[in-house]
Asks: 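Sharing a structure with you now.
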Protein chains: 2
Amino acid sequence: MLLNEPTLTTRQCGDCPIRHRAVCARCETDELDRLDQIKYYRNYEAGQTVIWSGDRMDFVGSVVSGIATLTQTMEDGRTQMVGLLLPSDFVGRPGRDNAAYDVVAVTDMVMCCFRKKPFETMMTETPHIAQRLLEMTLDELDAAREWMLVLGRKTAREKIASLLAIIARRDASLNLAGVKGPLTFELPLTREAMADYLGLTLETVSRQVSALKKDGVITLEGKRRVTIHDFNRLLDEAGDDSDGGMPV
Amino acid sequence: MLLNEPTLTTRQCGDCPIRHRAVCARCETDELDRLDQIKYYRNYEAGQTVIWSGDRMDFVGSVVSGIATLTQTMEDGRTQMVGLLLPSDFVGRPGRDNAAYDVVAVTDMVMCCFRKKPFETMMTETPHIAQRLLEMTLDELDAAREWMLVLGRKTAREKIASLLAIIARRDASLNLAGVKGPLTFELPLTREAMADYLGLTLETVSRQVSALKKDGVITLEGKRRVTIHDFNRLLDEAGDDSDGGMPV
DNA sequence: CGCGTTATTGATACGAGTCAAGATCGGTGG
DNA sequence: CCACCGATCTTGACTCGTATCAATAACGCG
């Protein structure tokens, strides 16, 4: 409840760390000026719910830093993660009044929020925003379809390997490490969150992580720090085509 | 291989049955004229593969009539359906050269194809197309997320009930039947295709369909004609909130 | 009518879920 | 600094749901 500091600095879009990847990526200076007038920053603490499913949404926005999850919950409590939101990812759906999913901050998080109505108006007037949003949505749809294969057809072990590969890949792309050599990264998710991502129980997640460790596919430092020695080996465990991803 | 008739009639967009729901829905007359110049029709027979994953795509397009599936296959043959394409649905991704999924015609099918390059050019110039495509993509993303909950967290029985509910709903919306009273429709999918949709085996699909029939949730006429007597009962079996879908 | 395709049903196996202890981690206060 | 506590994670024993393997049955097309 108590935000330690009102870090609601009216930051300049120019220095924004997600400037070139978020929904505003294609905007010209004058368009950024317009966005500036309808935007504000909000901070969330780890564990805090950003949006409740069904609630009225009066903003949309971008994740600036930190990580959040998009989840669906059934009446009896079964939950499935349907999105993992990283910096530059877009939250909310223009044209929809009520949220369809719960959004929860996994780590401390900063969001750049746009008031919904003005943002929608701007979308019809400046094609750059709609174009970029289309591109991002198509990417998300592809990710969702990859995820459907994981959920529907992979074994528990393959699911864990797939998730580790996804996180490792993203981490490598941020840190500019090549696919060669060992990769080390911090797991942003608890075992339970991993289970919700993969349609498993947290016990099964724990068992399969242990199994991958025992078989030398990964090494653990503490419970969260993971090292992958051979990325292709991991892809193999994930059931993925190791040469895939980049068709000729 | 042999197309019985070259039904490649250069149909007028005005009489097109999907005119108001497809990617061209928002286009003005002059925009339709431009589309007309880059479009052509293609027919496919039931079972025919429209696009192979990895193949170069030189067109995108809309399903005019019939049904197709989007599937992913792992090296060892496990397959997962990741999309069910109905009339007015869009096929292909502007900006991508190679297909990411297999597209297979389930019934005889007609597609309205647009040459990819000119279509992409047109997209940057006429916002109406990009706007409509964004809307459609957002809808697909929502459907994919709903599907992820089904794949990750539902039991076999709930999965079957969910699929029947989806098909029944779509059928009702086409035939303008209310949610009241019994609904009857033809299943467009084989048991195997249903299994690929739901991440099950075809034997399990068969067993659960039989179980729902034994319990009076559905009636079968032959193997494909299904009657649902109480839609809310079906939603209940699907684990869905029966009053849901339409938040206040 | 007969054949191939599609669907049903049965017996059994196996992977993941469930229930239940414990162990480890990280933070807090004596 | 170390002991303690709650949260998180690990591991074990057992259960249950779905897959697998296999044999029939029903449909629909020629």
Side-chain angles (χ1 to χ4, degrees), chain A residues 45-47 74 76-80 106-108 150-164 186-215 218-226 237 239, chain B residues 2 4 45-48 74 76-80 104 106-108 150-164 186-215 218-226 237 239:
Chain A
E45 301 176 14
M74 294 170 68
D76 61 7
R78 281 176 283 176
T79 74
Q80 174 65 51
V106 169
T107 63
D108 287 351
V150 172
L151 289 172
R153 293 303 186 188
K154 291 196 178 179
T155 66
R157 171 183 263 243
E158 289 170 336
K159 284 179 174 180
I160 298 291
S162 300
L163 176 55
L164 292 176
E186 199 79 22
L187 272 180
L189 302 176
T190 64
R191 300 289 185 260
E192 188 180 19
M194 291 171 69
D196 285 344
Y197 189 112
L198 297 169
L200 297 170
T201 59
L202 67 91
E203 292 96 329
T204 298
V205 170
S206 183
R207 273 185 248 274
Q208 297 299 337
V209 169
S210 298
L212 288 176
K213 179 173 125 192
K214 184 167 70 65
D215 296 345
I218 60 173
T219 311
L220 288 182
E221 234 177 294
K223 288 158 191 309
R224 296 291 194 87
R225 194 154 196 77
V226 179
E237 293 287 356
Chain B
L2 77 161
N4 23 5
E45 299 176 16
Q48 201 178 345
M74 295 169 68
D76 62 6
R78 281 175 283 177
T79 75
Q80 174 66 51
V104 179
V106 168
T107 63
D108 287 351
V150 172
L151 288 172
R153 293 303 186 190
K154 292 196 178 179
T155 65
R157 172 184 262 244
E158 288 170 337
K159 284 178 174 180
I160 299 291
S162 299
L163 176 55
L164 292 176
E186 199 78 22
L187 271 180
L189 302 176
T190 65
R191 299 286 124 103
E192 188 180 21
M194 291 172 71
D196 284 344
Y197 189 111
L198 297 169
L200 298 170
T201 59
L202 67 91
E203 293 95 327
T204 298
V205 170
S206 184
R207 272 186 248 276
Q208 297 299 337
V209 169
S210 298
L212 288 175
K213 179 172 123 191
K214 185 167 71 63
D215 296 346
I218 60 172
T219 311
L220 288 182
E221 233 177 295
K223 287 156 192 310
R224 296 292 193 86
R225 193 153 196 80
V226 179
E237 293 286 357

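Just so we're on the same page: letters track the sequence lines, and every chain starts at 1. Both backbone and side-chain heavy atoms feed into the values below; hydrogens, waters and symmetry mates do not.
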Asks: Check B:R224 with B:E186, please: is the shortest side-chain N to carboxylate O separation under 4.0 Å?
Replies: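 Salt bridge flag = no for B:R224 with B:E186.
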
Asks: Out of curiosity, B:Q208 CD to B:T204 OG1, how far, rounded to the nearest 0.5 Å?
Replies: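 Spacing of CD (B:Q208) from OG1 (B:T204) equals 7.0 Å.
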
Asks: Could you tell me whether the side chain of B:E158 reaches within less than 4.5 Å of the side chain of A:R78, counting heavy atoms only?
Replies: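 Yes - at least one pair of side-chain heavy atoms lies under 4.5 Å apart.
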
Asks: At their closest point, which heavy atom of A:L202 faces which heavy atom of A:A195, and how far apart are they?
Replies: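 That would be N-CB, 3.7 Å.
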
Asks: Rounding to 10°, can you tell me the angle the first-five-pair axis of the helix from C:dC1-D:dG30 to C:dG30-D:dC1 makes with its last-five-pair axis?
Replies: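 Comparing the axis at each end, I get an angle of 30°.
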
Asks: Mind checking whether A:L187 and A:R191 have side chains closer than 4.5 Å, heavy atoms only?
Replies: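 Contact flag for A:L187/A:R191 side chains = yes.
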
Asks: Scan side-chain atoms only and decide if A:S162 and A:K154 contain a donor-acceptor pair under the 3.5 Å cut-off.
Replies: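 There is such a pair (donor and acceptor under 3.5 Å, judged by atom type) between the side chains of A:S162 and A:K154.
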
Asks: Which pairs count as salt bridge (charged side-chain N to carboxylate O under 4.0 Å, His left out) when at least one residue sits in residues 195-204 of chain B, sequence neighbours excluded?
Replies: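 Matches after skipping sequence neighbours: A:R153-B:D196.
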
Asks: I need the minimum non-hydrogen distance between B:Y197 and B:L151, along with the two atoms involved.
Replies: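 Looking at all heavy atoms of both residues, the shortest contact is O-CD2, 3.7 Å.
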
Asks: Closest heavy-atom contact between A:V209 and A:I218?
Replies: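 A:V209 and A:I218 have their closest heavy atoms at O-CD1, 3.9 Å.
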
Asks: How is A:S206 classified with respect to the nucleic acid when contacts are heavy atoms under 4.0 Å: base, sugar-phosphate, or nothing?
Replies: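 The answer is base, as A:S206 lies within the cut-off (heavy atoms under 4.0 Å) of a base atom.
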
Asks: First and last nucleotide of DNA chain C touching chain A, 5' to 3', heavy-atom cut-off 4.0 Å?
Replies: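 Extent of the interface on DNA chain C: C:dA16 to C:dC25.
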
Asks: With sequence neighbours left out, write down each residue that passes salt bridge (charged side-chain N to carboxylate O under 4.0 Å, His left out) with B:R207, or none if nothing qualifies.
Replies: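 So B:R207 forms no salt bridge (charged side-chain N to carboxylate O under 4.0 Å, His left out) with any residue.
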
Asks: Tell me the closest heavy-atom pair linking A:A46 and A:V106, and the distance in Å.
Replies: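 Residues A:A46 and A:V106, closest heavy atoms: CB-O, 3.5 Å.
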
Asks: Under 4.0 Å, heavy atom to any atom of DNA chain D: which of residues 188-197 of chain A qualify?
Replies: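 Going residue by residue through residues 188-197 of chain A, the ones with a heavy atom under 4.0 Å of DNA chain D turn out to be A:T190, A:R191.
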
Asks: Are B:E237 and B:K159 close enough for a salt bridge, meaning some N to O gap below 4.0 Å?
Replies: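 No.
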
Asks: Any base atoms under 4.0 Å from B:R78, or only sugar-phosphate, or nothing? Heavy atoms, all strands.
Replies: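 No contact at all - B:R78 keeps every heavy atom at 4.0 Å or more from the nucleic acid.
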
Asks: So, do B:L198 and B:V150 sit near enough that their side-chain heavy atoms are less than 4.5 Å apart?
Replies: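 B:L198 vs B:V150: side chains touch.
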
Asks: Going 5' to 3' along nucleotides 15-27 of chain D, which nucleotides have protein heavy atoms under 4.0 Å from the base (write B), which only from the sugar-phosphate (write S), and which from neither (write -)?
Replies: ---SSBB-----S

